[in-house]
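We use all heavy atoms of the structure for the numbers below, so side chains are in, but hydrogens, waters and symmetry mates are not. Nothing here was measured: the structure is a model prediction, and the numbers come from that model.
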Amino acid sequence: MEIQKTFSQTNLIKLSIILISFSVILLSLHSFGQTSSNTTAEIQSLNQSILALENRTADYPSAAVPSWLDTGSNAWMLTAATFVGLQSVPGVALYYAGLSKKKYAVNSALMVFYAFAAVLVVWMIAGYNAGFGHPALFSINGYGILGYPIPAWLGHYEASQTIFGPTGTPVDIPTSTYIFFQFVFAAITPVLLAGGVLERMNFKAWMIFVPFWSLLVYSPVAYWLFAGGWLNQLGAVDFSGGYVIHVDAGVGALAAALAIGPRLASERKLEAHSLPLVLAGAGLIWLGWDGFNGGDPGGATIDAAIAVLNTNIATAVSAITWMLMDMAFFKKPTLVGATSGAITGLVAITPAAGYINGWEAMLIGIASGSIPWLSLYKFEPRLKVDDTLGVFSTHGIAGILGGLLTGVFADPNVTKYVLPGLTGALYGNWYQLGIQAAAAAIVFVYDFGVTFGLLKLIGMFIPLQAPPDTLAIGDYAMHGEVAYSELLATLPESQVKKEEIEEEAAEEKEDPDKKKSK
């Protein structure tokens with residue numbers, strides 16, 4: 001009886017547990033639909049917390065480190081963007097100031113400095129979304145032509161994941177990082193163009209020209225070849241700006257030089273006044289290019305490392321090749337020549353950096369140290385256009401050369417890390433060379449036409465070239481300051497008196513009683 005009683009109690013307990021469990025299951029099933037969304041949110045929050053712990057970012061609010069963010073890539077992209085910014089300021093500013101005549105050093109540097117600042121303003125107002133916006137404002141049969149030219153400054157937009165171009169390409173970094181990274185590319189393009197019109201352009205005309213040119217030329221071409229627009233959709237590639245930046249700058253410099261007219265007859269010769277400035281600027285440009293090409297994959301990837309290595313290989317070979325060309329034709333190697341060769345190497349490798357291998361980078365270096373040299377000294381003089389620093393040859397020709405060789409050398413063993421399926425003519429894909437040539441021609445014609453037309457339009461309201469008496473003096477007449485104090489002693493007496501009269505007039509305007517006392 002005792003055993004039976006114990007058995008009955010045990011069964012009763014088991015039955016109670018079963019009933020309770022069954023009730024819980026029924027209640028759970030009943031409320032599942034109402035709580036599933038909450039459960040999903042809790043799981044996502046848990047995943048973000050785990051990711052934050054893995055990335056050692058647990059001290060930040062969870063919103064600061066969302067699941068899509070790759071903190072390593074974000075860190076590299078911000079660093080790369082800063083490297084590219086340093087190429088312009090102070091890199092190109094020093095380089096152009098050193099290559100200019102002493103009396104134009106301030107003007108040359110200030111043209112660069114202004115362009116860098118002006119492009120950032122127009123970039124935030126309309127340039128970024130015109131060049132990278134998603135979706136497209138204007139497309140033809142699905143081929144993206146232009147993004148929306150609207151502001152890019154809203155907080156929730158800057159904090160969101162980067163989504164750009166007509167096809168909505170995602171990148172695992174914040175939009176704010178991508179806006180800044182693409183800005184420094186947009187800024188350096190008119191900065192480089194300035195080299196074609198130094199030592200004579202009216203600075204006020206330059207102030208008007210830069211923002212409009214960036215919006216009308218740079219942003220559309222960037223959409224076509226950087227953001228997945230119609231030329232990309234047809235198969236053309238430009239790894240980091242051989243066409244978008246350097247053909248734009250080089251061809252724009254040629255068109256601008258033609259529209260503005262030549263320098264004073266007595267000044268149509270390159271007279272680098274400070275080789276230390278040239279070397280300092282060239283060094284910043286060279287090493288800054290690691291961010292230029294290394295940042296293009298959008299993160300800290302294998303292809304970023306390959307691009308950086310190829311960049312330096314081509315640059316070194318190109319600098320030496322240019323020096324050898326100088327020695328063969330001019331009998332002496334020069335610092336200006338060596339830095340010019342380094343620049344053309346950097347330019348030519350840019351469209352190919354992440355698509356080719358090391359020995360192909362060397363071949364591009366040989367080509368970029370010789371063909372732009374021939375263009376600068378044998379071809380450009382026949383054009384009868386006063387391109388002050390030879391920007392058309394060193395950037396335009398070198399950029400076209402690099403873009404075409406990309407169509408030849410694109411190596412599937414490298415492109416698999418960034419654009420699987422891309423191959424060049426050397427690997428059997430002759431179409432790639434053809435579309436690269438077509439893209440170069442399209443960018444050339446568009447850039448030249450818009451640049452020339454824009455400057456002629458500006459010239460209807462303001463002189464494009466500074467007056468001869470201003471050019472005779474240089475920086476002091478243009479900006480009221482000089483790079484070297486000894487230049488003050490060379491100023492004409494009339495200019496000194498003019499400055500004294502203007503100062504007295506300004507003082508009297510501030511203090512009318514001063515004139516009466518005199």
Could you go step by step and tell me if Phe209 and Ile260 meet the side chain to side chain contact (heavy atoms under 4.5 Å, CB included) rule?
CA-CA 12 Å; Phe209 170 73; Ile260 294 168; over 6 Å; no

I'd like to know whether the aromatic ring centres of His246 and Phe292 sit less than 6.0 Å apart in this structure.
yes

Does Tyr446 have more than 12 heavy atoms from other residues, nucleotides or ligands lying within 6.0 Å of its OH?
yes

What do you reckon, is CZ of Phe379 surrounded by more than 12 foreign heavy atoms closer than 6.0 Å?
no

Check side-chain hydrogen bond (donor to acceptor under 3.5 Å, both in side chains) between Gln432 and all other residues, then give those that pass, not counting sequence neighbours.
Gln436

Give me the atom names and distance for the closest heavy-atom approach of [X] to [Y].
X	Y	answer
Asp387	Phe392	OD2-N, 2.8 Å
Ala367	Leu405	CB-CD1, 4.0 Å
Val197	Ala256	CG1-CB, 3.6 Å

Between [X] and [Y]: side-chain donor-acceptor atoms closer than 3.5 Å:
X	Y	result
Ser318	Thr344	yes
Asn293	Thr311	yes
Thr388	Glu199	no
Asn312	Asp290	yes

Evaluate the side chain to side chain contact (heavy atoms under 4.5 Å, CB included) criterion for residues Ile343 and His395: first the C-alpha distance (whole Å), next the side-chain angles of each, then the deciding distance (0.1 Å), finally the verdict.
CA-CA 8 Å; Ile343 297 295; His395 291 273; 3.8 Å; yes

For side chain to side chain contact (heavy atoms under 4.5 Å, CB included), just list the numbers for Ile179 and Met124, CA-CA rounded to whole Å, side-chain angles, deciding distance to a tenth of an Å, and then say yes or no.
CA-CA 8 Å; Ile179 290 172; Met124 295 303 297; 3.7 Å; yes

Is the shortest side-chain heavy-atom distance between [X] and [Y] below 4.5 Å?
X	Y	answer
Leu287	Phe83	no
Asp326	Met323	no
Phe226	Gln182	yes
Ser368	Val347	no
Thr301	Val418	no
Phe239	Asp303	yes
Tyr417	Ile306	yes
Ile356	Val414	no

Identified side-chain contact (heavy atoms from CB on, under 4.5 Å) counterpart of Asp248 within the set Leu192, Thr451, Thr189
Thr189

Using the side-chain hydrogen bond (donor to acceptor under 3.5 Å, both in side chains) rule, collect all pairs that involve residues 110-119, keeping only residues at least two apart or in two chains.
none

Taking Pro351's backbone N and O only, do any of them form a donor-acceptor pair with Ser240's side chain (distance below 3.5 Å, no angle check)?
no

Please confirm whether the backbone N or O of Lys101 pairs with a side-chain atom of Glu267, one donor and one acceptor, at under 3.5 Å?
no

Of Phe116, Tyr218, Phe132, Tyr128, the residue whose pairing with Phe183 passes ring pair (Phe, Tyr, Trp, His ring centres under 6.0 Å):
Phe116

Identify every side-chain donor-acceptor pair in residues 162-169 under 3.5 Å, counting partners at least two apart or on other chains, and give the distances.
residue: Thr162; atom: OG1; partner: Ile173; partner atom: O; Å: 2.9
residue: Thr162; atom: OG1; partner: Pro174; partner atom: O; Å: 3.0
residue: Thr162; atom: OG1; partner: Thr175; partner atom: N; Å: 3.4
residue: Thr167; atom: OG1; partner: Thr169; partner atom: OG1; Å: 3.4

Can you say whether the rings of Phe448 and Phe444 are parallel (under 30°), tilted (30 to 60°) or perpendicular (over 60°)?
parallel

Geometric class of the Trp373/Tyr377 ring pair [parallel <30°, tilted 30-60°, perpendicular >60°]
tilted

